[in-house]
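Counting starts at 1 for both ligands and their atoms, following the listed order.
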Amino acid sequence: MNFSFYIPSIKERLEKLQSKIETASKKSGRNPKDITIVAVTKGFGPEIIEALLQLGIIHIGENRVQEARLKKQQVGEKGIWHFIGHLQKNKIKISSHLFDWIDSVDTLEDATLLSHFAQELGKTLKILVQVNVSGESTKFGTTPEQAESLCMSINSLPRLEILGLMTIAPFVEDPEKVRPVFSRLRMLRDKIESHNGVHLPVLSMGMSQDFEVAIEEGATMIRIGTFLLGPRKGSFLKIGETQTFL
Ligand SMILES: *Cc1c(COP(=O)(O)O)cnc(C)c1O
């Protein structure tokens, strides 16, 4: 697979991203090393994932199971793969096989199935609970009220390691408007930790549009597509189609 062609332009964008991460971290008294970039590669071909891995970006985020499966066949057992999309019951088995992290768990039923399949595979899945902080009806995720009991139930399921919370903020022009969404996720995490004496170190929040505000509000993981890779052609890649990196 010829991916070296893509490296210089991704490297340039990555350096820009890293400098913005540094600025946002400094502004809020945080260490930029505490922020993990998950490169969201939906819509892009496996050669882009190879280029990212080459540049030291090992966390790869995908939101379609079939698309991830095809790309993983090409890339092989490299990188740490995150599922960031909506889980469908009939794809939970293959998801537990393909991914290292499931960042979008929002029901106990799904978690129970993931635990079952992880046991079969003899692997441990890292889990984030997706919370619909803004209450938008178009968004998946558990309610903030139910997040605590879901986290604690997951904590008791075999072969699942609950590591924290994830949210998707509403899309707005001015990212300042979604600052409260991020701070509420952080406070929710803090509350669950102190009530139960559990450690939930990960807050996955912030995308290309709003990652700086998310970092200022405590994000430890940001999910970045467009800022690193440019615009996607469509919302997802059709089977057999690959998008050429711009
Ligand atoms: C697509 C997607 C992203 C990345 O979006 P960009 O705006 O391109 O950075 C992050 N998180 C989730 C859940 C996504 O589906």
Inset, instruction - State, without any angle test, whether His82 and Glu62 hold a side-chain donor-acceptor pair at a distance under 3.5 Å. - result: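 No donor-acceptor contact under 3.5 Å links the two side chains.
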Inset, instruction - Determine whether the side chains of Gln88 and Lys91 contain a donor N or O and an acceptor N or O closer than 3.5 Å. - result: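 Side-chain D/A pair, Gln88 to Lys91: present.
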Inset, instruction - Taking all non-hydrogen atoms of both residues into account, name the closest pair between Ile7 and Ala51 and its distance. - result: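 Heavy-atom minimum between the residues: CG1-CB, 3.9 Å.
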Inset, instruction - Classify the ring geometry between His86 and Phe140 as parallel (under 30°), tilted (30 to 60°) or perpendicular (over 60°). - result: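 Correct class here is parallel.
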Exercise answer, ligand 1 polar atom pairs (N/O) under 3.5 angstrom:
| unit_1 | atom_1 | unit_2 | atom_2 | d |
| --- | --- | --- | --- | --- |
| ligand 1 | 8 (O) | Thr226 | N | 2.8 |
| ligand 1 | 8 (O) | Thr226 | OG1 | 2.5 |
| ligand 1 | 8 (O) | Arg232 | NH1 | 2.8 |
| ligand 1 | 8 (O) | Arg232 | NH2 | 3.1 |
| ligand 1 | 9 (O) | Ser208 | N | 3.1 |
| ligand 1 | 9 (O) | Ser208 | OG | 2.5 |
| ligand 1 | 9 (O) | Gly225 | N | 2.8 |
| ligand 1 | 11 (N) | Arg223 | NE | 2.8 |
| ligand 1 | 15 (O) | Lys42 | NZ | 2.7 |

Inset, instruction - Rounded to the nearest 0.5 Å, what's the gap from CD1 on Ile48 to CD1 on Ile57? Could you check? - result: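 Ile48 atom CD1 to Ile57 atom CD1 measures 13.5 Å (nearest 0.5 Å).
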Inset, instruction - May I ask you to decide whether Arg179 forms a salt bridge with Glu216, counting only side-chain N to carboxylate O separations under 4.0 Å? - result: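 A salt bridge is present here (some side-chain N lies under 4.0 Å from a carboxylate O).
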